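Here the structure comes first, spelled out in structure tokens, and everything after it is commentary.
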2 protein chains.
Amino acid sequence: MSDTLSERKRGSGARMVYDLLRDEILDLKLAPGSPIDEVQLAERFGMSRTPIREALVRLSGEGLIETLPNRSTMVSAIDFLNLSPLFDALVLMYRVTTRLAAQNHRAEDLPALHRLHAEYAATVAARDTSAMIATNAAFHAAIAEAGRNPYFTGLFSRLLDESRRMLHLYYRSYEEQFPQRFVDEHADIIAAIEARDLDAADRLGKTHAEAIVAQVQALFSRNDRLDIPL
Amino acid sequence: MSDTLSERKRGSGARMVYDLLRDEILDLKLAPGSPIDEVQLAERFGMSRTPIREALVRLSGEGLIETLPNRSTMVSAIDFLNLSPLFDALVLMYRVTTRLAAQNHRAEDLPALHRLHAEYAATVAARDTSAMIATNAAFHAAIAEAGRNPYFTGLFSRLLDESRRMLHLYYRSYEEQFPQRFVDEHADIIAAIEARDLDAADRLGKTHAEAIVAQVQALFSRNDRLDIPL
DNA sequence: CGAATCTTTTCTGTCGACAAATAGAATACA
DNA sequence: TGTATTCTATTTGTCGACAGAAAAGATTCG
């Protein structure tokens, strides 16, 4: 592929590499444990190692890559043994962000929610797993934004990122079942937010999160000896 | 001051600058809005701009500094107008981490808690505000660690950092009152954790957090026109 | 005297090169 | 043949230098 666009704007190099590497990691195009070579990336993007390095430092700060001093840097492993903390945090953030959205959203937030909801439904209908996972994350991130608490939004985004990788594994193993149920739950959540029904939003967020978690947990409990990349 | 130690280990430069700048920012030795000059820092630490830059990228990732493209980079401002999201997140994290500590702590975690509790009490008795603020943050961070959820620990640490700056402002304005009450509450929290009483830990964490929040809120509601650095 | 334009200055962003550190290959030795 | 040691190769961490961008200052023109 020809990633080497010749003319770039001055400060955009690191950002571009960061965005692209991030997507490739979260979509499992870069498998956990893959080595990351600075020189190789520099050649691929037609730039020096300096902006590459800046992107890697950012990714490292978010825990997406890990760096062994003076030695290699690689895509962070998925910690399958300690999933409960992730699930606990996810469920709580689903609850809190949905409740806050019901409380703090403004009229101008709603069109984006409806649009992302429709997009998600379309990807489910089209059985496009990658787009489905990304759109689902975008939908809940938008709800969090409408809740207007940047601290919760930040943590939730990170948790959604982390689960993006696991959902890819999930749908890679079980392509047969597609969650129409989640589409309906999204509709219910939007309705509760619009009605400013805090308790309903909270409850729906919790139920929704627990359904997703249960689905993923079922996968990993069934597949203890499946060939899951470390 | 002579920060220029001549011989450093290979990968330690950026880390050292990061730690030091972070402390200076959180202790308000660098006021919010202060400009940060890479060349100046490079001279001060006797190293090139490259490791300085890495430290700055890290700090920027945590929101402690802000960068205008191609132009200056400066210490992040404290957003006094939107304190409720910070307080909401703080209270929730105090609750969750204390509850999880009661649930998941191991025997080996307790000595550290007792030690940090004693240190905090000592700093309160000595009226050393800077040490008090740092030790208090360390105490609650240790509780969060004992709860063994790295996602909550990460967010909570960031929130504690952010409030460290505000507590400095607080005690700078009101040096007369020192919170013996918080020392006692810390003791109660430890007791609830040791007893594995989840609900009590949750409730104490909530009360404790709300007391601190109320104290800080009282300052800012009284001092709308005080000379608070932007 | 004021406003618009040009110049200077002062940063940042990027580059290519070099040196240190480590892993792995090659070698020597028992 | 197995083990310890040296050597090599690869990759990172750091450096000094240069060019681009934006603000501050100087200059010209109305």
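Convention: sequence-line order gives letters A, B, ...; per-chain numbering from 1. Given the structure is predicted, the values throughout are model-derived calculations rather than measurements.
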Let me spell it out: for each of T50(A) and S72(B), pick the nucleotide of DNA chain C with the closest heavy atom. Which residue's pick is nearer the 5' end? S72(B)
Whole angstrom is fine here: how far is it from CD in E38(B) over to C1' in dA17(D)? 15 Å
Result for 5'-nearest mapping on DNA chain C, choosing between S12(A) and R49(A), is S12(A)
Just wondering, do F182(A) and V124(A) contact through their side chains at under 4.5 Å, heavy atoms? no
To the nearest Å, give me how far apart CG (L56(A)) and P (dT12(D)) are. 9 Å
What I want to check is whether an N or O donor and acceptor connect the side chain of R71(B) with the base of dT12(C) at under 3.5 Å. no
L20(A) and M16(A): side chain to side chain contact (heavy atoms under 4.5 Å, CB included), yes or no, with the steps? CA-CA 6 Å; L20(A) 205 131; M16(A) 170 191 178; 5.5 Å; no
L68(B) CG to dA23(D) P: how many Å, rounded? 9 Å
Between the base of dT12(C) and the side chain of R10(A), is one N or O donor paired with an acceptor at under 3.5 angstrom? yes
How many Å lie between CE on M47(B) and P on dC18(C), as a whole number? 23 Å
Whichever of N70(B) and A14(B) has its nearest DNA chain D nucleotide further upstream toward 5': A14(B)
Short N-O contact, R158(B) and E162(B), less than 4.0 angstrom: no
Send over the distance from E43(B) CD to dC15(D) P, rounded to a whole Å. 13 Å
Can you tell me the distance, in whole Å, between the CZ atom of F45(B) and the C1' atom of dC15(D)? 18 Å
Here's a test for you: under salt bridge (charged side-chain N to carboxylate O under 4.0 Å, His left out), which of R44(B), K29(B), R164(B) qualifies with E24(B)? R44(B)
Categorize E54(A) for me: base, sugar-phosphate, or nothing, with a 4.0 angstrom heavy-atom threshold over every strand shown. nothing
d(NZ, K9(B); P, dT22(C)) in whole Å: 10 Å
Determine the contact category for I36(B): base if any of its heavy atoms lies under 4.0 Å from a base atom, sugar-phosphate if only primed atoms, P, OP1 or OP2 are that close, otherwise nothing. sugar-phosphate
Whole angstroms only, please: what is the CE-C1' distance between M74(B) and dC11(C)? 15 Å
Ion pair E54(A)/R58(A), N-O distance below 4.0 Å: yes
For the side chain of D37(B), counting heavy atoms from C-beta on, which of dC11(C), dA21(C), dC18(C) is nearest? dC11(C)
Students often get this wrong, so: under 4.0 angstrom with heavy atoms, is I52(B) touching a base, only sugar-phosphate, or nothing? nothing
